[in-house]
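See structure below.
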Amino acid sequence: MPPFFGELETIHFEGRESQKPLAYRWYDPNHVVLGKPLSEHLRFAIAYWHSLAMNGSDPFGAPTLNRPWMTRSDAMEGAREKADAAFELFRVLDLPFYTFHDRDIAPEGADLKESLKNFQAMVEYLAKKMEGSKAKLLWGTANLFSHPRFMSGAATNPDPDVFAYSATTVKHCMDATKQLGGSNYVLWGGREGYETLLNTDMGRELNHLGRFLNLVVEYKHKIGFDGQILIEPKPKEPTAHQYDFDTATVYGFLKKHGLEGEVKVNLEANHALLAGHSFEHEIATAASLNILGSLDVNRGDPLLGWDTDQFPNDLQAMTLALYQVILGGGIGKGGLNFDAKIRRQSIEPEDLVHAHVGAVDLCARAFLNAAALVEAGELKAAVAERYAGWDKPEAKAMLDGSLTLEQISEKTLANGVNPAPRSGKQERLENLLNRRLF
Ligand code: XLS
Ligand code: NI
Ligand code: NI
């Protein structure tokens, strides 16, 4: 097979003045900001499923992205060809990480044993490819939602055989993620949720999910996987009611099952939008709960109610999101994964490269903006000033357990406290943000 992306040159940082259509203008991986190179702050990853496995079909139309590896009569040959194209793409984009589901890299077999055999053979193939490539694995995951056996859920399926099948699959995906040196293992709920309570025992299903997650965490420790275990919240789609609705819901679930110190979240921009939140809200919530793990950067369409998974291109939204990441202490072992797909009409291989280059530059530019906001310190100062009253000893005493409700009441009445309303200065701060954006 001729190389699919192989004709394309590797993309480099060329600066803002570059006239080349395919160049990084903002993403200079070596540029040091806030004490670290940009590449370490952002840890970009390419998603195997959207970039290599998506064929452009939608509920109304046939595939438009007819990649050569999709039609091979020998499915394993197709999988190897797909992997070759994947590593060509990684070379062209020169980004540090990639992510995959088991089903993206290897075809389903006639039964579970054969599926696992196909998967393991492809894991070995990827391991070989990684020896000749700079690409590392940000995270692995299992596709427990596409096959009809998962139509009523995986860990929350009423059928214990599906629980067992899913547990077996996850065990092998965790082994593979460890073998390939992955930094994280992700569990997106897939079809863990329900369509109607008329046929659903919700309490039972949630307990099954809690047990499943405990099994995963126990196994992580058993094999000495030093990556993070991440849950990816999403409120709806494919099921009407997904159990991992948003960060706050996931935290309550982790607490109930004693896992809040073991599991973090992989937050996706489009999922935040579907939950009626902004991306930065989800990031700030996770950071405040100490469970910020990693990000799926994409964007949704506010006019549509589903996961359109478009490449990010809103500078202000991304700046606000990354500002919260910086305030939250950074992305750590996580990264910025492009869980995003090109539109159905973007059928040229180069379209996929343009999509990534634009998104990388957008995120880099947003990060530089966010870092500049942090360095300027005005927003931080405004927030500090807003809470300054709490620095006083009498205010601290209300929080540190030294005063009871009664004592607070007595003191308040004795001091004749009469709070005066103060401006939140929102518009002033919004103007400041707009003035600072470059
Ligand atoms: C789907 C999810 C999925 C996860 C990985 O909406 O975003 O792509 O990131 O299973
Ligand atoms: Ni995602
Ligand atoms: Ni998604």
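Numbers here simply count residues along the sequence, with the first being 1. Atoms within a ligand are numbered from 1 in the order they appear, just like the ligands themselves.
Taking the centre of each ring, H208 and Y243 stay at or above the 6.0 Å mark.
Residues passing the ring pair (Phe, Tyr, Trp, His ring centres under 6.0 Å) test with Y27, sequence neighbours excluded: Y24, F44. By the ring pair (Phe, Tyr, Trp, His ring centres under 6.0 Å) test, F5 pairs with no residue at all, sequence neighbours left out.
Of the possible donor and acceptor atoms, none in the side chain of R25 sits under 3.5 Å from a partner among the backbone N and O of G15.
Of all protein N, O or S atoms, those under 2.8 Å from the Ni ion (ligand 2) number 4.
We find that D351 and R343 are not joined by a salt bridge, their nearest charged nitrogen and carboxylate oxygen being 4.0 Å or further apart.
N298 pairs in a side-chain hydrogen bond (donor to acceptor under 3.5 Å, both in side chains) with only one of the listed residues (Q310, K341, E268, H271), which is E268.
For the residue pair D339/H50, the side-chain donor-acceptor check at 3.5 Å is satisfied. Side-chain contact annotation: T10 with R91, donor-acceptor N/O pair under 3.5 Å present.
For the pair K136 and F97, the cation-pi test (distance below 6.0 Å, angle within 45°) is passed.
With a 4.5 Å cut-off on side-chain heavy atoms, Q179 and E124 count as touching.
With respect to the Ni ion (ligand 3), D307 has OD2 as its nearest N, O or S atom.
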Could you list, one pair per line, each nitrogen or oxygen of ligand 1 together with any protein nitrogen or oxygen closer than 3.5 Å, giving atom names and the distance rounded to 0.1 Å?
residue	atom	partner	partner atom	Å
ligand 1	6 (O)	K234	NZ	2.9
ligand 1	6 (O)	H271	NE2	3.1
ligand 1	6 (O)	D307	OD2	2.8
ligand 1	7 (O)	E232	OE2	2.7
ligand 1	7 (O)	E268	OE1	2.6
ligand 1	7 (O)	H271	NE2	3.3
ligand 1	7 (O)	D339	OD2	2.8
ligand 1	8 (O)	W49	NE1	3.3
ligand 1	8 (O)	D339	OD2	2.9
ligand 1	9 (O)	E232	OE1	2.7
ligand 1	9 (O)	E232	OE2	2.9
ligand 1	9 (O)	D296	OD2	3.0
ligand 1	9 (O)	D339	OD2	2.8
ligand 1	10 (O)	H101	NE2	2.7

